[in-house]
Amino acid sequence: MSDSPLPLASALHTPVLSWYADNARTLPWREPDAGAWAVMVSEFMLQQTPVARVLPAYEAWMRRWPKPGDLAAEAPGEAVRAWDRLGYPRRALRLHAAATAIVELHGGEVPRDHAALLALPGVGTYTAAAIASFAYGQRHAVVDTNVRRVFARALAGLAQPSISPTAADQRLAVSALPDDEPTAARWAVATMELGALVCTARTPRCAECPIRSQCAWVLAGSPPYDGPPRKGQTYEGTDRQVRGRLLAVLRAAPGPVAKNALDACWPDQVQRERALDGLVADGLVDPFADNQYQLPQ
DNA sequence: CATCCGTGGGC
DNA sequence: TGCCCAAGGAT
């Protein structure tokens, strides 16, 4: 083990919390009266989709389904349709399934308990902690890609966090958590916001950073990333692109769609069939009558 | 643990 | 112009 101690995380609390008080974005799911369902919907939508693109879909969603029971009462296909072009539409299906579970198991109220949240479809370690912390003010390590990057730089002195989340990331975030519950909850959202606005992946705004004088990475001279190369995800020509095209047609249609309309989406029949079968297997598309398909009812 | 799963905007 | 990235989860 190294003799050099990590920077004391507690020394970061005050500057980060103070920075957040002055710089937090106004977002609808952060309004004091937003409620846990609003937080939950936003967290699902924000899984891999930027805030700017989430906002309009979020507003429409909350107007239409202000409570979990409102969503659960509708067909899952309506959730997929309202998901619009946020991407990864399985999230819409999972959010609908989670709403159904909330009605059936929790009286229609988003549960407060971390384990109960984790048991919901589409809720993993991060989202469970985020809901418990942001909506209910509990003390949890909320470890997303922003937080992992902030800690990688400020505490570990690395330009970028590991490619995939590790147990070490989680332990580090737990150890950095302020002791008392309300402060821990503010710390969680503040560190995420710092990563989103200042300690960004590509061009960090270190001049604006409240902890630049304590940041291990800055103090080390901001050394460049030297880890394994990140695999750039290709998209053109993948099944994902084909699935996206097929689902776009089905979302736009008010009802069932003839198969020949779907055939026009993609020239390669083998890939097209595979993509369609995959959508059906995922529950995103239902076969209907003969040679017709629709969003799940 | 690696891979799959959409979409679009910024640099 | 591409390439990188964006509040992950499930398998």
Side-chain angles (χ1 to χ4, degrees), chain A residues 24-25 27-30 38-58 80 83-95 97-98 117-135 140-150 159-170 173 188-197 199-205 225 228-251 265-266 274-275 277-279 281-285:
Chain A
R25 290 168 291 182
L27 297 169
W29 46 87
R30 287 183 183 165
V39 172
M40 181 167 166
V41 169
S42 75
E43 290 303 334
F44 269 71
M45 291 185 169
L46 290 164
Q47 291 168 0
Q48 301 286 281
T49 303
V51 168
R53 253 189 326 127
V54 160
L55 282 168
Y58 167 86
V80 174
W83 200 254
D84 197 34
R85 303 183 72 80
L86 292 181
Y88 294 149
R90 293 192 292 198
R91 291 181 291 163
L93 227 42
R94 292 175 185 149
L95 183 51
L117 289 164
L118 197 55
L120 296 172
V123 177
T125 305
Y126 161 76
T127 302
I131 295 170
S133 180
F134 303 160
H140 292 282
V142 182
V143 184
D144 76 328
T145 186
N146 289 306
V147 169
R148 294 200 313 117
R149 188 173 54 249
V150 169
Q160 300 289 345
S162 55
I163 292 177
S164 54
T166 65
D169 296 333
Q170 193 70 26
V189 71
T191 48
M192 274 183 68
E193 191 77 338
L194 187 64
L197 298 183
C199 194
T200 54
R202 266 173 294 190
T203 312
R205 300 165 170 81
Y225 176 73
R230 320 204 156 217
K231 40 189 54 185
Q233 49 174 8
T234 55
Y235 179 65
E236 203 68 25
T238 61
D239 285 7
R240 284 147 80 174
Q241 184 180 24
V242 185
R243 287 166 58 108
R245 287 197 185 181
L246 293 169
L247 208 54
V249 172
L250 289 158
R251 276 197 313 262
C265 289
W266 195 258
R274 183 173 67 230
D277 288 348
L279 288 169
D282 288 346
L284 284 162
V285 174

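Chain letters run A, B, ... following the sequence lines, proteins first, then strands; residues in each count from 1.
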For the C1' atoms, the ones on C/dG8 and on B/dC1, what distance do you get once it is rounded to whole angstrom? 16 Å
Measure CG/A/Leu86 against C1'/B/dG6 and give the value in whole Å, please. 10 Å
Hey, is the main chain of A/Val39 close enough, under 3.5 Å, to the side chain of A/Glu43 for a donor-acceptor pair? no
Which value, in whole Å, describes the distance between the P atoms of nucleotides C/dG9 and B/dG8? 23 Å
With a 4.0 Å cut-off on heavy atoms, is A/Tyr235 in touch with a base, just the backbone sugar-phosphate, or nothing at all? base
Is a side-chain N or O of A/Arg149 found less than 3.5 angstrom from the main chain of A/Gly195, in a donor-acceptor match? yes
Which value, in whole Å, describes the distance between the C1' atoms of nucleotides B/dC5 and C/dA6? 14 Å
Looking across every strand, which nucleic acid part, if any, lies under 4.0 Å from A/Arg243 by heavy atom: base, sugar-phosphate, or nothing? sugar-phosphate
Please check if any side-chain donor atom of A/Arg148 sits under 3.5 Å from a side-chain acceptor atom of A/Ser162, or the reverse. yes
Is there a donor-acceptor pair under 3.5 Å between the side chain of A/Arg91 and the backbone N or O of A/Gly122? no
So, does the side chain of A/Thr125 form a donor-acceptor pair with the base of C/dG9 at under 3.5 Å? no
At under 4.0 Å between heavy atoms, what does A/Arg90 touch on the DNA or RNA strands: base, sugar-phosphate, or nothing? base
Name the nucleic acid region contacted by A/Val123, choosing base, sugar-phosphate or nothing; use a 4.0 angstrom heavy-atom cut-off, strictly under. sugar-phosphate
Quiz question: going by heavy-atom distance under 3.5 Å, is there a donor-acceptor pair between the base of B/dC11 and the side chain of A/Arg202? no
Please tell me which of A/Thr203 and A/Leu279 maps to the more 5' nucleotide of DNA chain B, matching each residue to the nucleotide holding its nearest heavy atom. A/Leu279
In whole angstroms, the gap separating C1' of C/dA6 from OH of A/Tyr126 amounts to 12 Å
Flag, side chain of A/Arg94 to backbone of A/Val123, donor-acceptor distance under 3.5 Å: no
Which is more 5' along DNA chain B, the nucleotide nearest A/Arg53 or the one nearest A/Ser164? Just name the residue. A/Ser164
NA contact type, A/Ala130, heavy-atom cut-off 4.0 Å: base, sugar-phosphate, or nothing? nothing
Heavy atoms only, 4.0 Å cut-off, all strands: where does A/Thr127 land among base, sugar-phosphate and nothing? sugar-phosphate
Tell me: CZ of A/Phe44 to C1' of B/dC5, nearest whole Å? 15 Å
Checking all strands, does A/Arg149 fall into the base, sugar-phosphate, or nothing category for heavy-atom contacts under 4.0 angstrom? sugar-phosphate
Sugar-phosphate, base or nothing in reach of A/Pro89, heavy atoms under 4.0 Å: sugar-phosphate
When you measure from the side chain of A/Thr49, which nucleotide among C/dA10, B/dC5, B/dG6 comes out closest? B/dG6
